[in-house]
Amino acid sequence: SYGFQSLASEELLFRYAAVTSSLYLLSGWLLARCWAEHWKLSIRPNIGLLIALVTLGFIIHYSNNLWARVHIGSAGIGLILLMPVVAAIKHKRSQDWLDQVLFMFALVYGVLTISRPIVITMLGHSHFDRYSLSLYWIATALSTLFFAILFAILMAALAIRATIRDLRR
């Protein structure tokens, strides 16, 4: 989806808005499920589905307005990402430092996902000449890449530590 959005014309972005948005929402849901399973929490799929359907409904309604779709999509994905974070706040979770680091970065990433288009707009970059070269897209791509690498390292470290602990028993 990132590759498509980086190379596609504005016409193609408008035409496939629902498809690309669905992929982003699905990836947000899968990451949220990963965190929830790690923290042994139950997040409610019906709420996630409701957020996704409302988000997609608004994205389809505003399919010819790229900036509206960016705000709506970011809000929907961010809300899905925050579902396990909110559940973790409500329930007792591990006080282990590595789990706390994962929790804090999950919180930061969820809030960043929601607030990024708002911040970029406040900085005066709300109009795209070429979407793939816009400040918003570059900020989105770089922050997503950073957090993807960070979460991969954190989850690998947690898995390695769990395996070592299991082997010691």
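Residue indices begin at 1 and follow the sequence shown.
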Practice problem: State the CG-CD1 distance between L102 and I153, to the nearest 0.5 angstrom. | Solution: 12.5 Å
Self-check item: Residue pairs passing the side-chain hydrogen bond (donor to acceptor under 3.5 Å, both in side chains) test where at least one lies in residues 48-64, sequence neighbours excluded
Solution: none
Exercise. Kindly compute the distance separating NE2 (H91) from CG (L41), expressed to the nearest 0.5 Å.
Key: 6.5 Å
Quiz item: Roughly how far apart are D96 CG and Q100 CD, rounded to 0.5 Å?
Solution: 8.0 Å
Quiz item: Can you tell me how far CD1 of I114 sits from CD1 of I77, rounded to the nearest 0.5 angstrom?
Solution: 10.0 Å
Self-check item: Donor-acceptor contact present, side-chain T20 to main-chain A17, <3.5 Å
Solution: yes
Self-check item: Distance, nearest 0.5 Å, that separates CG of L158 from CG of L154
Solution: 6.5 Å
Quiz prompt | Donor-acceptor pair between S74 and R116 side chains, under 3.5 angstrom | solution = no
Quiz item: Excluding sequence neighbours, so at least two apart, what forms ring pair (Phe, Tyr, Trp, His ring centres under 6.0 Å) with H38?
Solution: none
Practice problem: List in chain and number order the residues that pass ring pair (Phe, Tyr, Trp, His ring centres under 6.0 Å) with F151, two or more places apart in sequence or in another chain; answer none if no residue qualifies. | Solution: W35, Y109, F147
Self-check item: Closest approach of I43 to P84 (non-hydrogen atoms, all atoms of both residues)
Solution: CG2-CA, 3.6 Å
Quiz prompt | Common cluster, V108/V85, ILVMFWY with side-chain heavy-atom separation under 4.5 Å | solution = yes
